[in-house]
2 protein chains.
Amino acid sequence: MSQRAKETFTTAPAPTPAALRARIRGLGASMTRSAQIVAEAVAADPAGCSRLTVTALAERTGTSEATVVRTARLLGYPGYRDLRLALAALAGRQESDEAPAVTAGIAVDDPLADVVAKLAHEEAQTLADTAAALDLAQLSAAVDALATARRIDIYGVGASALVGQDLAQKLLRIGLIAHAHHDPHLAVTNSVLLRPGDVAVAVTHSGATGDVIDPLRHAFERGATTIAVTGGPASPVTHYADLVLATSAARESRLRPAAMSSRTSQLLVVDCLFVGVAQRTYDTAAPALAASYEALAPRHRATAPRTARQEPRT
Amino acid sequence: MSQRAKETFTTAPAPTPAALRARIRGLGASMTRSAQIVAEAVAADPAGCSRLTVTALAERTGTSEATVVRTARLLGYPGYRDLRLALAALAGRQESDEAPAVTAGIAVDDPLADVVAKLAHEEAQTLADTAAALDLAQLSAAVDALATARRIDIYGVGASALVGQDLAQKLLRIGLIAHAHHDPHLAVTNSVLLRPGDVAVAVTHSGATGDVIDPLRHAFERGATTIAVTGGPASPVTHYADLVLATSAARESRLRPAAMSSRTSQLLVVDCLFVGVAQRTYDTAAPALAASYEALAPRHRATAPRTARQEPRT
DNA sequence: ACCGGCCCCGAAAATAGCTTTCAAAGGTGA
DNA sequence: TCACCTTTGAAAGCTATTTTCGGGGCCGGT
């Protein structure tokens with residue numbers, strides 16, 4: 001057997017994914033001069049190098065393609081192609097680790113890209129907070145109450161009205177009798193009709209919105225089961241709530257007082273309620289969902305109109 | 001201009017790193033059959049596919065090299081090589097994120113704690129996907145249009161109606177003239193009044209909701225700037241949209257067909273629009289926000305009623 | 001100091017993989 | 001049914017990677 005079949009000396013057995021850095025350090029001085037240069041360049045900027053071709057990397061390091069390939073082999077990969085792939089993976093990993101770089105608040109002069117990143121990050125944070133803070137016992141009791149309710153009234157005004165409507169829409173779709181009221185007068189008018197076995201839900205971030213508290217109080221006094229979805233666990237609304245579901249009370253900055261985190265948080269709670277109820281009433285919920293889906297189908301256009309695309313007018 | 005220079009139709013401008021998942025979901029049904037097969041294989045096993053050559057992937061999916069390359073282009077990369085790199089990066093990232101523990105869908109018999117965790121995780125995922133996939137150029141243009149609009153009409157029905165209302169509420173609070181219409185007839189009636197300088201926004205997850213497309217078309221034909229917030233970047237609604245803001249089109253499982261991920265995604269887009277507009281019009285937006293906040297104060301009860309807490313009836 | 005041997009290195013040939021072209025097959029609307 | 005457009009795979013064309021090959025430097029021996 002020849003002592004060097006065709007310059008294929010697999011120095012290391014492992015084409016490892018991310019142990020790359022260690023490997024480079026490990027081999028360190030045992031590499032030839034130009035191999036070191038290449039390895040160093042790779043270690044210094046994996047992401048950047050992953051975007052280069054052999055030729056480009058050779059040029060950048062002032063070496064030749066052959067040397068680059070040899071270095072890749074030294075590092076344990078079958079060839080440069082695979083080193084490049086590993087480099088990309090490494091870059092992806094790093095990127096995900098350093099993601100929460102944008103924790104701060106949003107400023108007036110942030111570029112749009114930052115705004116998007118910050119908003120997404122903050123809302124994700126809010127979701128995590130809310131999930132962690134949710135009282136499962138209360139949630140479970142709320143699900144029970146909703147699942148067996150004769151009738152469900154939901155109160156919310158302003159931004160919370162939308163959350164209430166979302167809940168009502170969802171519950172309706174699985175066959176429950178749910179109404180969302182955002183008109184305070186109508187809410188009160190309806191609330192006095194409730195009785196034991198009914199459920200009233202109040203959605204209010206501050207927990208101090210009179211227009212929502214009033215109908216809830218009436219429902220409470222008439223014996224309905226009352227649920228408060230609020231960011232203020234000790235706020236006025238909780239006085240008339242049998243069950244309190246806490247939403248995250250993230251501070252709202254100057255540029256987003258109009259309910260962002262709070263809305264996200266409330267919606268998560270609503271979703272939890274909905275899924276919980278849907279699970280508990282699966283036998284009736286599933287067909288109801290299917291039916292409403294079918295009923296909607298004809299309102300969707302299957303394909304784009306065949307006419308040529310109309311150009312935006314000049 | 002030739003209609004097809006050399007089969008180089010860069011469907012999407014962004015060769016983004018991690019927006020891949022979102023992109024695949026988004027294009028979804030708008031791809032050709034074999035492209036779907038390839039995309040699906042890629043989405044199902046990014047790490048594995050990143051190790052395959054064009055030929056190998058073509059064979060695995062039962063298609064041809066050409067199709068694989070075309071799919072890579074569809075997903076926004078210059079070619080397969082780059083897709084492969086991105087895949088590797090994605091794999092690396094995933095590996096580092098590794099233990100979301102509760103990745104799977106929600107089952108009928110999941111305990112409530114799991115439901116909460118899964119929902120929160122999925123919605124957070126959706127947020128990340130959406131943020132990654134958002135086209136900043138389109139967003140920026142949309143912000144400009146909104147900020148300078150004479151009048152803004154927003155169309156959405158069903159779950160998307162709530163998103164539309166949310167946007168309208170926010171824009172109103174910073175002094176813009178915005179209306180959300182969820183009644184298809186009224187929407188059409190209003191849309192024919194729009195003219196250049198006005199903005200129409202359509203919110204629809206599927207992008208195929210006739211009740212929303214109709215008013216948007218009218219607005220488009222009358223010269224208003226039209227914006228589509230949709231999960232289907234190639235869906236019918238985009239035919240009449242000057243600007244398209246893509247939302248994540250995560251699959252909705254049996255227990256949550258009623259718009260959860262899609263709603264979260266849409267709301268993030270709405271928030272981005274709002275913050276963007278608020279930034280651009282800060283001088284007028286800030287006082288308007290303050291004023292609306294003041295005006296609301298009296299409707300909040302500062303403290304709990306002094307009466308003793310009423311016990312739940314026995 | 002000179003010479004021979006060995007290894008390192010880069011230029012260029014060889015090859016594998018990626019991209020493009022082209023024509024046929026499969027639909028779709030008139 | 002026919003014409004047209006879309007989609008698809010086979011094969012040609014090209015780029016990037018890998019291998020080969022020979023020049024040149026370093027070291028020990030003479």
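- Between B/Q36 atom CD and D/dT6 atom C1' there is a gap of 15 Å when expressed in whole angstrom units.
- Applying the 4.0 Å criterion to OP1 and OP2 of D/dT8, one finds that B/S34 has a side-chain N or O inside that range.
- Remark: A/R70 does not engage A/E65 in a salt bridge, criterion side-chain N to carboxylate O under 4.0 Å.
- Listed nucleotides: C/dG10, C/dC8, D/dT8. Nearest to the side chain of B/T32: D/dT8.
- Contact between the side-chain N/O atoms of B/T67 and the OP1/OP2 oxygens of D/dG9 is found at a separation under 4.0 Å.
- A/I37 has its CD1 atom 15 Å from the P atom of C/dC8, to the nearest Å.
- Listed by first and then second residue, the salt bridge (charged side-chain N to carboxylate O under 4.0 Å, His left out) pairs that reach into residues 195-207 of chain B are B/R150-B/D198, sequence neighbours excluded.
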What are the atom names and distances for every N/O pair under 3.5 Å that joins the protein to nucleotides 13-17 of chain D?
| unit_1 | atom_1 | unit_2 | atom_2 | d |
| --- | --- | --- | --- | --- |
| D/dT17 | OP1 | A/R84 | NH1 | 3.1 |
| D/dT17 | OP2 | A/V54 | N | 2.6 |

If you look only at distance, which donor and acceptor atoms sit under 3.5 Å apart when one is on a side chain in residues 181-189 of chain B and the other is two or more places apart or in another chain?
| unit_1 | atom_1 | unit_2 | atom_2 | d |
| --- | --- | --- | --- | --- |
| B/H181 | NE2 | B/D153 | OD2 | 3.2 |
| B/D183 | OD1 | B/H185 | N | 2.8 |
| B/D183 | OD1 | B/L186 | N | 3.2 |
| B/T189 | OG1 | B/H185 | O | 2.6 |

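- Evaluation of the side-chain contact (heavy atoms from CB on, under 4.5 Å) rule for B/A56 yields B/L52, B/T53 as partners, not counting sequence neighbours.
- Separating the CZ atom of A/R70 from the P atom of C/dC9 is a distance of 7 Å, rounded to the nearest angstrom.
- Every side-chain contact (heavy atoms from CB on, under 4.5 Å) that B/T63 has, sequence neighbours left out, goes to B/S34, B/V38, B/A58, B/T61, B/T67, B/V68.
- Comparing C/dC8, D/dG9, D/dT19 against the side chain of A/R73 picks out D/dT19 as the nearest.
- Residues passing the side-chain contact (heavy atoms from CB on, under 4.5 Å) test with A/V116 are B/A131, B/L134, B/L136, B/L139, B/C272, sequence neighbours excluded.
- Distances from the side chain of B/A66 to the nucleotides D/dT8, C/dT21, C/dG10 place C/dT21 closest.
- The base of D/dG25 lies outside donor-acceptor range of the side chain of A/R33, with no N or O pair under 3.5 Å.
- If you take CZ of B/R51 and P of C/dG17, they are 16 Å apart, rounded to a whole angstrom.
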